[in-house]
Amino acid sequence: MWATVNEILTKIDDFVWGPPLMVLIMVGGILLTIRMGVLQIRKLPLALKWMIKNEEEGEGEVTSFGALCTALSATIGTGNIVGVATAIGAGGPGALFWMVLAAFFGMATKYAEGLLAVKYRVVDKDNHALGGPFYYIEKGMGSKWKWLAKIFAFFGICVGLFGIGTFSQVNGISSAVNSFFDPDMQWTVNIPGIGTYSWTVVIASLILSVCVALVLIGGLKRIASVSQIIVPFMAVIYVVICVMLLICNITKIPEAVVIIVKSAFKPSAVAGGIAGSFIVAMQKGVARGIFSNEAGLGSAPIAAAAAQTKEPVRQGLVSMTGTFIDTIIICTMTGLSIVLTGAWKVEGLQGVQVTTYAFNEGLPIPATISSFLLMLCLVFFAFTTILGWDYYSERCLEYLSGGKKKSIMIYRWLYILAVFIGPYMTVSAVWTIADIFNGLMAIPNMIAIFALSGVVARETRDFFSRHNKQPFE
């Protein structure tokens, strides 16, 4: 049954993530990069400064750093560990090149999303700042485009329930736990109609579902408080581990970089038929890059809209740093680790097993310890992503349903159910479903980005002209 399902999903995925959508996302980023004068390079130091320096007297619910942490809680997840591995496994090392290139242009897209989110945000009757693509589509493009905003909100709900938010994250967690505690499948149970699974997977799904339920029932404040503690701490630990691996294998880095660049344009020259074609490398790199940093997806602006700021441009710059941290730093480190250790060429490995192999081979510590550290990072990254995407998808449902509390509570319990069944989906099916809904969600958002690119350019020009003779604070 799963073979047939996978075949159908793959065909849908190939159609959604065909050349038109890749061109739409890449051209959107390139257009904004040109119109902003390569702002992602020129203003990156300023953006990194403002990332940790909150704006005084800003309007909103949370600090700019808090909004960024909320966004990062949803982006730094399995995409950074498992997504990079699956991209390289399907498209060869060249997929990493396209992932990083897409992220570079995606920084301009993320800047535009953050700017528009603040510019067109609204305040509801409870004095909450709300915003995101559905609001800048409706208010920026005009009420006649509200149907497009509703389409975005619908796919946003689907991405949370069937894509980034649940299946792929939970599947990554269960795979990591299983690989560490029961790699030889010694303790298994047969679930009628589903298959044979390790008890570690069953237990992990139960514990995770309970933990997610306890946090989600507490609402947004509990989600934010949990995410802002876990995300920075685990991100630093993961980066330190990756830096250690790269330093220990520093002589292999130049060769790995050459392999990545060559494979980006001519995969067969590096790995024969293993890596697939140039189109596959580009497709998997761009798709996994979007999955990881969500630039162009339209999710991060939902969090950015709540930032305490009076300046849309300032929040746009802060939002831009999310893509830089997520993909250009963390995903690149993961990808280099996989390529220089040769993990991507080992047959029979998939998903988190590829990254685990790279850590075991590349780090000068016992394999048990490196596997445990990776499992720990993946579990916490994925857990916060599950929480962050519940927030995003609930805001989408709130827009679509007119703020009906009952609908949101029903959805919350469906979300918890999806978390519970996620481990029993096949790895390929999980990531294919996530890719499909990512692509469908990106289409209405990118249409809005194109339509409002003139607004972004004008706001940027006006902001920097006002501050041209004054030092930034």
Participant: Identify the two heavy atoms, one from W50 and one from V318, that lie closest to each other, and give their separation to 0.1 Å.
Facilitator: O-CG2, 3.8 Å

Participant: Measuring only between side-chain heavy atoms, which start at C-beta, is L208 closer than 4.5 Å to F420?
Facilitator: no

Participant: Going from SG on C377 to CD1 on I241, what distance comes out if it is rounded to the nearest 0.5 angstrom?
Facilitator: 4.5 Å

Participant: So which atom in A153 and which in L400 form the shortest heavy-atom distance, rounded to 0.1 Å?
Facilitator: CB-CD1, 4.1 Å

Participant: For M36 versus R42, what's the shortest heavy-atom pair and its separation?
Facilitator: O-NH2, 2.8 Å

Participant: When you measure from the side chain of R412 to the backbone N and O of L216, does any donor-acceptor pair fall under 3.5 Å?
Facilitator: yes

Participant: Roughly how far apart are M99 CE and T334 OG1, rounded to 0.5 Å?
Facilitator: 9.0 Å

Participant: In the structure I gave you, are the side-chain heavy atoms of L39 and F464 within less than 4.5 Å of one another anywhere?
Facilitator: yes

Participant: Would you check if Y111 and L32 make a side-chain contact, meaning some heavy-atom pair closer than 4.5 Å?
Facilitator: no

Participant: State, with a plain yes or no, whether a side-chain heavy atom of S299 is found less than 4.5 Å away from one of W389.
Facilitator: yes

Participant: Sub-3.5 Å donor-acceptor pair from the side chain of T384 to the main-chain atoms of F381, do we have one?
Facilitator: yes

Participant: Go through the steps for F152 and L148 under the test side chain to side chain contact (heavy atoms under 4.5 Å, CB included), then give the verdict.
Facilitator: CA-CA 6 Å; F152 171 86; L148 189 65; over 6 Å; no

Participant: I'd like to check I302 versus F134 (side-chain heavy atoms, cut-off strictly below 4.5 Å). Are they in contact?
Facilitator: yes

Participant: How far does SG of C242 sit from CG of L336, to the nearest 0.5 angstrom?
Facilitator: 9.5 Å

Participant: Checking the side chain of D326 only, and the main-chain atoms of G322 only, is there a donor and an acceptor separated by less than 3.5 Å?
Facilitator: no

Participant: Please report the C-alpha distance between S393 and Y415 in whole Å, then the side-chain angles of each, then the deciding distance to 0.1 Å, and finally whether the side-chain hydrogen bond (donor to acceptor under 3.5 Å, both in side chains) criterion is met.
Facilitator: CA-CA 10 Å; S393 50; Y415 195 89; 5.3 Å; no

Participant: Do you know which two heavy atoms are closest between I259 and P93, and how far apart they sit?
Facilitator: CG2-CG, 3.8 Å

Participant: Between G156 and C396, which heavy-atom pair has the shortest distance, and what is it?
Facilitator: CA-SG, 3.9 Å

Participant: Flag the pair R395 and E398 as a salt bridge only when some basic side-chain nitrogen lies within less than 4.0 angstrom of an acidic carboxylate oxygen.
Facilitator: yes

Participant: Any donor and acceptor pair, going by atom type alone, linking the side chain of T323 with main-chain N or O of M107 inside 3.5 Å?
Facilitator: no

Participant: Between atom CG of D390 and atom CG of L397, what is the distance when rounded to the nearest 0.5 Å?
Facilitator: 10.0 Å

Participant: Go through I449 and Y136 one step at a time and tell me if the side chain to side chain contact (heavy atoms under 4.5 Å, CB included) criterion holds.
Facilitator: CA-CA 9 Å; I449 295 295; Y136 58 68; 4.0 Å; yes

Participant: Ignoring hydrogens and angles, tell me if any N or O in the side chain of N445 forms a donor-acceptor pair with the backbone of P133 under 3.5 Å.
Facilitator: no

Participant: Decide if the gap between the ring center of Y357 and the ring center of W344 is smaller than 6.0 angstrom.
Facilitator: no

Participant: Check the surroundings of atom CZ in F154: do more than 12 heavy atoms from other residues, nucleotides or ligands lie under 6.0 Å from it?
Facilitator: no

Participant: State, to 0.1 Å, how close A300 and K110 come at their nearest heavy-atom pair, and which atoms those are.
Facilitator: CB-CD, 3.8 Å

Participant: Can you find a pair of side-chain heavy atoms, one from M446 and one from T109, that are under 4.5 Å apart?
Facilitator: yes

Participant: Using atom types as modelled and distance alone, determine if a side-chain donor or acceptor of Q40 lies under 3.5 Å from a backbone N or O of F104.
Facilitator: yes

Participant: Atom CD in E459, atom CG in L452: separation rounded to 0.5 Å?
Facilitator: 11.0 Å

Participant: Is R458 close to V455 at the side-chain level, that is, under 4.5 Å between some pair of heavy atoms?
Facilitator: yes

Participant: Checking L21 against V286 for the side chain to side chain contact (heavy atoms under 4.5 Å, CB included) test, could you report, in this order, the C-alpha distance in whole Å, the side-chain angles of both residues, the deciding distance, and whether it holds?
Facilitator: CA-CA 10 Å; L21 180 57; V286 173; over 6 Å; no

Participant: Does the side chain to side chain contact (heavy atoms under 4.5 Å, CB included) test come out yes or no for E7 and T10, once each step is laid out?
Facilitator: CA-CA 5 Å; E7 186 179 346; T10 300; 5.8 Å; no

Participant: Partners of F437 by ring-ring contact (aromatic ring centres under 6.0 Å, His included), sequence neighbours excluded?
Facilitator: F162

Participant: Counting distance only, does the side-chain N/O of E138 pair as donor-acceptor with the main-chain N or O of K146 below 3.5 Å?
Facilitator: no

Participant: Kindly compute the distance separating CG (L340) from CG (L246), expressed to the nearest 0.5 Å.
Facilitator: 6.5 Å

Participant: I'd like to check V354 versus V346 (side-chain heavy atoms, cut-off strictly below 4.5 Å). Are they in contact?
Facilitator: no

